[in-house]
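See below for the structure under consideration.
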2 protein chains.
Amino acid sequence: MILKSQVEWALHCCAILAGLPDGRYLSTKALAEFHGLPKEYLSKALQSLSQAGLVDTALGPSGGYRLAKPPADLTFLEIVEAVEGQQRTFVCTNIRANNPCRPKGYCESSPCAVARIMWEADEAWREKLRGVKLSDLVGILSKEIPPELWKSSFEWVLERAG
Amino acid sequence: MILKSQVEWALHCCAILAGLPDGRYLSTKALAEFHGLPKEYLSKALQSLSQAGLVDTALGPSGGYRLAKPPADLTFLEIVEAVEGQQRTFVCTNIRANNPCRPKGYCESSPCAVARIMWEADEAWREKLRGVKLSDLVGILSKEIPPELWKSSFEWVLERAG
DNA sequence: GTAAATAAGGATATTCTTTATCCTTGATTG
DNA sequence: CAATCAAGGATAAAGAATATCCTTATTTAC
């Protein structure tokens with residue numbers, strides 16, 4: 001059970017978009033080049049973000065993507081779910097229903113106890129991701145990335161932002 | 001990102017094995033029939049439990065599986081990881097290393113911040129599963145399952161336990 | 001107005017994982 | 001000695017992830 005690589009891509013792209021000056025857009029091409037990713041396939045991940053309403057888009061030259069809201073209002077969970085979907089990691093196929101001892105027509109009152117426990121773990125995962133804002137990530141990165149690299153990356157992006 | 005169906009199977013099978021009297025074994029055939037699962041493939045899941053040391057096995061007629069330790073000492077996490085593996089759900093491919101602005105030979109001091117955050121969420125998921133014992137599941141089931149069904153299922157199992 | 005650049009998205013292909021099924025081997029029981 | 005079992009190897013089918021290619025409509029810059 002492994003998350004799509006697009007999740008990683010989307011998170012890194014959002015981190016870059018978070019540094020974009022107001023009103024500017026960054027294209028798929030620039031984001032793909034910056035991260036060394038296949039442009040066409042990265043585009044699918046960005047489309048997922050767009051469909052989820054997390055980013056705004058603009059067409060034409062100088063078009064591209066920008067965040068739809070401030071980084072402090074954008075959670076990891078939103079980004080992860082936009083790409084990965086909202087489905088739970090544990091799917092209950094209700095195998096207890098195959099119990100040969102069950103009376104015919106017997107009907108469960110509630111979801112399977114196994115599923116409920118697994119879903120609680122899922123929820124703990126989501127709750128953790130819900131508690132991390134994109135701005136938190138940017139804060140960490142700004143401390144960890146050497147100032148020169150931070151600056152040159154910022155300039156690299158600005159040169160390409162429409 | 002969805003867990004293998006074998007995880008569900010393994011959890012339900014362990015719940016059944018938890019009710020087995022001391023020293024008795026239950027075969028793959030019986031477990032498959034009870035849950036309506038393909039015997040050969042369920043066998044792979046049970047082999048995973050065996051390899052992880054969570055169950056003991058016995059060969060020959062009256063052979064099969066039994067828990068290797070008391071249900072109160074067996075966690076959901078152990079069962080899930082035995083089948084699903086211990087790999088994290090988020091794999092960091094270190095795409096930051098593709099940043100065209102990076103000086104050559106530049107080397108990261110620590111794992112990517114994005115990965116660290118995602119791994120914390122993974123750990124929250126694991127921690128939740130680590131906190132649930134197989135005996136907790138049995139306790140819930142014993143309250144939820146109608147007494148007659150509980151009893152007839154127990155007898156069904158006993159008839160087939162070697 | 002026109003050419004270039006863009007997002008959106010449909011169609012297709014490739015690779016990998018999951019989900020099986022079948023068969024052999026060696027051990028155990030009655 | 002025949003039946004039953006776990007273990008595990010080999011193989012196949014189905015589905016998901018990972019791409020690539022192409023068309024369309026829109027926007028910008030000139």
Side-chain angles (χ1 to χ4, degrees), chain A residues 1-10 13 17 23-33 35-66 68 80 82-85 87 89-91 93 95 159-162, chain B residues 1-10 13 17 23-33 35-66 68 82-85 87 89-91 93 95 160-162:
Chain A
M1 184 188 62
I2 294 184
L3 288 163
K4 301 185 201 179
S5 53
Q6 286 189 342
V7 169
E8 181 187 19
W9 303 357
C13 285
L17 294 182
R24 312 278 296 270
Y25 294 90
L26 196 61
S27 70
T28 305
K29 187 185 170 198
L31 286 166
E33 193 184 339
H35 294 111
L37 302 173
K39 194 187 93 161
E40 303 284 355
Y41 192 36
L42 172 63
S43 168
K44 304 294 185 186
L46 298 172
Q47 282 173 40
S48 296
L49 295 178
S50 173
Q51 284 163 9
L54 306 185
V55 297
D56 293 330
T57 67
L59 290 177
S62 84
Y65 297 90
R66 70 178 179 201
V80 170
V83 171
E84 188 66 40
Q87 192 177 24
T89 67
F90 182 87
V91 174
T93 63
I95 61 175
E159 278 170 24
R160 287 156 182 86
Chain B
M1 185 187 62
I2 293 183
L3 288 163
K4 301 185 201 180
S5 54
Q6 286 190 342
V7 169
E8 181 186 18
W9 303 357
C13 286
L17 294 182
R24 312 278 296 272
Y25 294 90
L26 195 61
S27 69
T28 305
K29 187 185 170 197
L31 286 166
E33 192 183 341
H35 294 112
L37 301 173
K39 193 186 96 162
E40 303 284 355
Y41 192 36
L42 172 63
S43 169
K44 305 294 184 186
L46 298 172
Q47 282 174 39
S48 296
L49 295 178
S50 174
Q51 285 162 8
L54 306 185
V55 297
D56 293 329
T57 67
L59 290 177
S62 83
Y65 296 90
R66 71 177 177 201
V83 172
E84 186 66 40
Q87 193 178 23
T89 68
F90 181 86
V91 174
T93 63
I95 62 175
R160 288 156 182 85

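Just so it is clear: chains get the letters A, B, ... in the order the sequence lines come, proteins before strands, and each one is counted from 1.
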**OP:** Please state how far atom CZ in A:Arg24 lies from atom P in C:dT6, giving the value in whole angstrom units.
**Re:** 14 Å

**OP:** Check every atom of C:dA8, C:dT19, C:dT6 against the side chain of A:Lys29 and return the nucleotide holding the closest atom.
**Re:** C:dT6

**OP:** Would you please confirm or rule out a distance under 4.0 Å between OP1 or OP2 of D:dT18 and any side-chain N or O of A:Ser5?
**Re:** yes

Original post:
Within this structure, what is the CD1-to-C1' distance between B:Ile2 and C:dT19, rounded to whole angstrom?
Top reply: 14 Å

Original post:
Base, sugar-phosphate, or nothing for B:Tyr25, non-hydrogen atoms under 4.0 angstrom?
Top reply: nothing

**OP:** Enter the distance from B:Leu54:CG to B:Tyr65:OH here, rounded to the nearest 0.5 Å.
**Re:** 12.0 Å

**OP:** Grab the CD-P distance between A:Glu84 and D:dA17 for me, whole Å please.
**Re:** 7 Å

**OP:** Provide, to the nearest angstrom, the distance between the CD atom belonging to B:Glu8 and the P atom belonging to C:dT19.
**Re:** 11 Å

**OP:** With sequence neighbours excluded, give me every side-chain hydrogen bond (donor to acceptor under 3.5 Å, both in side chains) pair touching residues 48-58 of chain A.
**Re:** none

Original post:
When the distance from CG of A:Asp56 to P of C:dA7 is rounded to whole Å, what number comes out?
Top reply: 13 Å

Original post:
Tell me, for nucleotides 24-30 of chain D in 5' to 3' order, what letter each nucleotide earns: B for a base near a protein heavy atom under 4.0 Å, S for only sugar-phosphate near one, - for neither?
Top reply: --BBB--

Original post:
Which residues, if any, of residues 36-51 of chain A bring a heavy atom under 4.0 Å of DNA chain C?
Top reply: A:Lys44, A:Gln47, A:Ser50, A:Gln51

Original post:
Taking only residues two or more places apart in sequence or in another chain, which ones pass side-chain hydrogen bond (donor to acceptor under 3.5 Å, both in side chains) with B:Thr89?
Top reply: B:Asp122

**OP:** In whole angstrom, give the distance that lies between atom CD of A:Gln6 and atom P of D:dA17.
**Re:** 9 Å

Subject >> Residue pair B:Cys13, B:Leu46: steps toward the side-chain contact (heavy atoms from CB on, under 4.5 Å) verdict >> reply: CA-CA 9 Å; B:Cys13 286; B:Leu46 298 172; 4.2 Å; yes

Subject >> Test side-chain hydrogen bond (donor to acceptor under 3.5 Å, both in side chains) applied to A:Ser43 - qualifying residues, sequence neighbours left out >> reply: A:Gln47

**OP:** Quick one: list whatever passes salt bridge (Lys or Arg N to Asp or Glu O under 4.0 Å) with A:Arg160, sequence neighbours left out.
**Re:** none

**OP:** Please step through side-chain contact (heavy atoms from CB on, under 4.5 Å) for the pair A:Arg24 and A:Arg66, ending with a clear verdict.
**Re:** CA-CA 7 Å; A:Arg24 312 278 296 270; A:Arg66 70 178 179 201; over 6 Å; no

**OP:** Would you mind reading off the distance between A:Arg160 atom CZ and C:dA5 atom C1', rounded to a whole angstrom?
**Re:** 15 Å

**OP:** Measure from CD1 on B:Ile95 to P on D:dT18 and round the result to the nearest Å.
**Re:** 13 Å

Which side-chain N or O atoms in residues 35-42 of chain B pair as donor and acceptor under 3.5 Å with protein atoms at least two apart or in another chain?
unit_1: B:His35; atom_1: ND1; unit_2: B:Leu31; atom_2: O; d: 3.0

Original post:
Starting at the 5' end of DNA chain C and moving along, which residue's nearest nucleotide shows up first, A:Gly64 or A:Met1?
Top reply: A:Gly64

Original post:
How would you list, by chain and number, every residue that makes a side chain to side chain contact (heavy atoms under 4.5 Å, CB included) with A:Ile2, sequence neighbours excluded?
Top reply: B:Gln87, B:Val91

